[in-house]
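Side chains included, hydrogens not; waters and symmetry mates left out as well; all remaining heavy atoms used. As the structure is a computational prediction, the values presented were derived from the model and not from experiment.
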Amino acid sequence: LLELDQSTFVPAHRIDMHALLESWLPGFKIPRRSDYLAGGRWARQSFYDAIFAVSTNILEDAECYMALKGHIQRVRHNKEEDPIPEPREEENRELGIDIDCDVGEKKLSKLEKAVHTAKQKIAEADRVGHHIMEELFRNEKEVEEGDACANAISCYREAFSACAHVLELDRLAFHSEWFSDFYRRNYDALMIKSMLDNVIDNVDSVRRWFSALKRGSLSTAEKYNGLMGIGSQGSVVEDGGTDGVSLLSNPNSMPTPPTVEIDTTHLKDDLFTNPEKYGKQEILDEIIDAIIYESQARYKLRNDPLVRLLIPNPPGEYDFTIVTAMGVITEGKKGLELATAIKRMEEKRGVKTIRADTATARSFAFNAIKIEEAIEAAVKLQKPYGLVGYSQGAANALTAESLLLSGTPLQQQTLTDKHGGLVCRQLLFAATNGSVHGPSTNAKVHRLIVMCEDFFKYQQGYFSRALTSTVLEILNDSMDSAAFQKFMGGAQTFLPDGVKSFWREGQHLAHVPTCSIRGVLEDHTTPESLEMVCNMLTKQSGSSLHDSQVHVYDAVGYPLYTMNRNGHLLKKCYVGDSAIQRTHHWSPLSDEVEFVQTNRDIEHAIFDCAKDRHIFPWVDVNVRFGFIKYAKKEENEDTKFSTIHARALSTSSIQSTPK
């Protein structure tokens, strides 16, 4: 705008854009490029630095206006000071009514009875499950075929039904600590079961991937054991980790990988390549060791009956549709992310998937509109649906939900449709809180532009003013182009300012549970093409706990750096925080990254990840607790025709029978 070409106007009609902007923006001095060229009064200073500083100050002054504009343009269902919705059980407790203590002393309501029953069923199922675990390790086949195992599974199924009944009475019941803890345990158990099923059924290249993971985890353990002077024969960790403390309890700590974990003198090299030779419990232990990053999480999973019993959901098709929003680099509808897993989900459970036609490096607003279109298509199927967001797609999906909830009555209806609307969310390696890559790259680009400016200033003494002006015009035209501006709009999604405005205006449904998958890279899980990016993020963030794109602490389903009512609500919905995995950010990708695979990647089976684990456990756990229902069995057209034809034949035979 400042360099607007007005050469076709007569001098009297030309506008001094600098003076005009200064009149509109009192207190700001708009820099002129001529003052910063050779011979200008500020030739030793950077024009880009000056214009950048003015732009930053203008945006800071406009913050209040932008917040007010966003507030007015959207429907607000609640004020910031309104109380956060709570389960009715918690409301009763605040009134001094403790369900667990008051049983037998007074007549309980229907909900109170259901909550008390659900807690009892969970406790009883855990008691029965723990009772058979020791015997399950000794005589796996006999126990699995015996009555004790069937009884334990039956107890857990009763607990699932009891929890689903509580949800029918109070759809916010999953916010309660006891419910969210049981939900999370089931999600982790189904996650492990999904990978075990893939190994046993030899799905894709999962066996090869786990063999490589096992080799890599052993070499990593031996490497750190050697550094600390520990021999190759270790002992099983009994206290839940190196120091017994979860990584998330101290975000600033950088714990070393476990040094005493696996007995390397009794390795089963063919356990994953020939799983038929081994029991499920042996394979399950190796899967937990290979894929779960935190030693404390491994300890908990090994000792959880829900994991050991490998409880499947009953057969049948689900009344559900998936809407996917993929990462910052995607082909939208034509994308192939998780294609094999999505296909298997449809074949096994009848769940259709609609891909949102999001684009590469585009803004929240653009991609949110594309997701809205996909949601409208899902609503037409007259089934409940769930949102899957991968990387930047997670923030895009949450933005789409917020815009619909803040929009017209027709838009709001797509979220709360009579056929179910939005019932659950899944966030894969979510960039919902931005990425350290954003501000770091922003600072580097700033320095690069200033360095280039200094270089060109020096060249002004050797070239004509006409050539200098031409070069500047070319640079301005390229930076003013639509492609560049669209790219910059997409880059804003990784910056703190872009994420802050998104979370500040966000509104989300309180009755929708959120699940996630997060990963941490190690030497044997790092794609060779991501090594530089991985090292950059480690250096920039000061921690190696990331998946090469997003830090493990940032990849959650709620805002970390914007504190408001909606953020606290989303944190309560975040009940599916699964155990952190040893994997990389490109885990959902396969064909899309084939061109960057190296021989080392192929040797370590880097991209042969179990794809089903991104979809199946999330869908199954929500079916288990009643968020997703089974499809009603209806006669198809062939069955209806056969029934009608049989009735017609029966009628004709009766009429033709002589009396």
What distance separates Y385 OH from D417 CG, expressed to the nearest 0.5 Å?
-> 8.0 Å
So which of E80, Q507, K571, H508 actually passes side-chain hydrogen bond (donor to acceptor under 3.5 Å, both in side chains) with N566?
-> H508
Sidechain-backbone polar pair: E453 side chain, F47 backbone, donor-acceptor under 3.5 Å | yes
Taking the side chain as C-beta and beyond, is there a heavy-atom pair between E401 and L422 under 4.5 Å?
-> yes
Check whether the ring centres of F429 and H546 lie less than 6.0 Å apart, and answer yes or no.
-> no
Has the side chain of D82 got a donor or acceptor atom that lies under 3.5 Å from a matching backbone atom of K79?
-> yes
Roughly how far apart are S363 OG and I369 CD1, rounded to 0.5 Å?
-> 8.0 Å
More than 12 heavy atoms from other groups under 6.0 Å of CD on E177 = no
Give a yes or no on whether E331 atom CD has more than 12 heavy-atom contacts from other residues, nucleotides or ligands under 6.0 Å away.
-> no
May I ask you to test the R74-S402 pair for a side-chain heavy-atom distance under 4.5 Å?
-> yes
Could you check Q45 against Y36 for side chain to side chain contact (heavy atoms under 4.5 Å, CB included), going step by step and ending with a plain yes or no?
-> CA-CA 7 Å; Q45 298 181 19; Y36 292 85; 4.1 Å; yes
Looking at residues at least two apart in the chain, or sitting in another chain, which of them share a side-chain hydrogen bond (donor to acceptor under 3.5 Å, both in side chains) with D188?
-> none
Measure the shortest side-chain to side-chain distance between H551 and S543 over non-hydrogen atoms and say whether it is less than 4.5 angstrom.
-> yes
Sidechain-backbone polar pair: N57 side chain, A53 backbone, donor-acceptor under 3.5 Å | yes
Say you draw a straight line from CD of Q411 to CG of L403; how long is it, rounded to the nearest 0.5 Å?
-> 8.0 Å
Hey, does the side chain of T321 reach the backbone of K352 with a donor-acceptor pair shorter than 3.5 angstrom?
-> no
Within 6.0 angstrom of R184 CZ, more than 12 heavy atoms from elsewhere = yes
Is any side-chain heavy atom of V621 less than 4.5 Å from a side-chain heavy atom of M191?
-> no
Per side-chain hydrogen bond (donor to acceptor under 3.5 Å, both in side chains), D547 is matched among Q581, H585, R518, H584 by H585
ring-ring contact (aromatic ring centres under 6.0 Å, His included) with H446: which residues, sequence neighbours excluded?
-> Y48, F52
Flag if over 12 foreign heavy atoms under 6.0 Å of CG, L448 = yes
So, does R355 use its side chain to make a donor-acceptor pair with the main chain of G335 at under 3.5 Å?
-> yes
Check: L560 main-chain N/O paired with N433 side-chain donor or acceptor under 3.5 Å = yes
Is E505 salt-bridged to R76, cutoff N-O under 4.0 Å?
-> yes
Over all atoms of both residues, closest heavy-atom pair of G557 and L427 = CA-CD1, 3.5 Å
L415 and L509: CA distance, side-chain angles, deciding distance, side chain to side chain contact (heavy atoms under 4.5 Å, CB included) verdict | CA-CA 9 Å; L415 292 176; L509 296 174; 4.1 Å; yes
With side chain to side chain contact (heavy atoms under 4.5 Å, CB included) as the test, would you mind laying out the steps for Y390 and L589 before giving the verdict?
-> CA-CA 11 Å; Y390 164 51; L589 309 181; 4.0 Å; yes
Short question: side chain of H568, backbone of R565 - any donor-acceptor pair under 3.5 Å?
-> no
Taking the six-membered ring for Trp and the full ring for Phe, Tyr or His, determine whether the centres of Y318 and W618 are under 6.0 Å apart.
-> no
Beyond-backbone contact of F625 with V575, side-chain heavy atoms, under 4.5 angstrom | no
Side-chain donor/acceptor of H175 to backbone N/O of A510, under 3.5 Å | yes
Find out whether I354 and K380 are in side-chain contact, i.e. whether some heavy atom of one side chain is under 4.5 Å from a heavy atom of the other.
-> no
First locate atom CG of L537, then atom CG of L545, and finally report the distance between them rounded to the nearest 0.5 Å.
-> 10.5 Å
Might you work through the side chain to side chain donor-acceptor pair (under 3.5 Å) test for Y187 and D577, ending with a clear yes or no?
-> CA-CA 8 Å; Y187 183 45; D577 179 18; over 6 Å; no
Of all heavy-atom pairs linking E89 and S176, the shortest is OE1-OG, 3.2 Å
For D16 and R32, run salt bridge (Lys or Arg N to Asp or Glu O under 4.0 Å): C-alpha distance rounded to whole Å, both residues' side-chain angles, the deciding distance at 0.1 Å, then the answer.
-> CA-CA 11 Å; D16 186 345; R32 298 173 182 268; 3.2 Å; yes
Work out which heavy atom in V512 is nearest to a heavy atom in R425; give both atom names and the distance.
-> O-NH1, 3.0 Å
If you look at every heavy atom in L428 and Q426, which pair is closest and at what distance?
-> CD2-NE2, 3.7 Å
Under the 3.5 angstrom rule, does the side chain of Q412 hit a backbone N or O of G407 as a donor-acceptor pair?
-> yes
Side chain R14, main chain Q6, donor-acceptor under 3.5 Å | yes
Minimum side-chain heavy-atom gap W503-L398 below 4.5 Å = yes
Enclosure of K333 NZ (heavy-atom neighbours >12, cutoff 6.0 Å) = no
Going by atom types alone, do T330 and E337 pair a side-chain donor with an acceptor below 3.5 Å?
-> yes
Return yes when atom CG of L25 has more than 12 non-hydrogen atoms of other residues, nucleotides or ligands closer than 6.0 Å, and no otherwise.
-> yes
Distance, nearest 0.5 Å, that separates CD of E346 from CD1 of I322 = 9.5 Å
Euclidean distance, T399 OG1 relative to Q392 CD, rounded to 0.5 Å = 9.0 Å
Less than 4.5 Å apart, any side-chain heavy atom of R613 and any of S587?
-> yes
Verify the ring-centre separation between F174 and Y183: is it less than 6.0 angstrom?
-> no
Would H77 and L405 satisfy side chain to side chain contact (heavy atoms under 4.5 Å, CB included), going step by step from the backbone distance to the final call?
-> CA-CA 9 Å; H77 298 277; L405 189 59; 3.9 Å; yes
Is any NZ, NE, NH1 or NH2 atom of the basic residue among R504 and E63 found under 4.0 Å from an Asp or Glu carboxylate oxygen of the other?
-> yes
Where is the tightest heavy-atom contact between S578 and S516, given as atom of each residue plus distance?
-> OG-O, 3.0 Å
Nearest heavy atoms of G332 and D357, plus distance in Å = CA-OD1, 3.6 Å
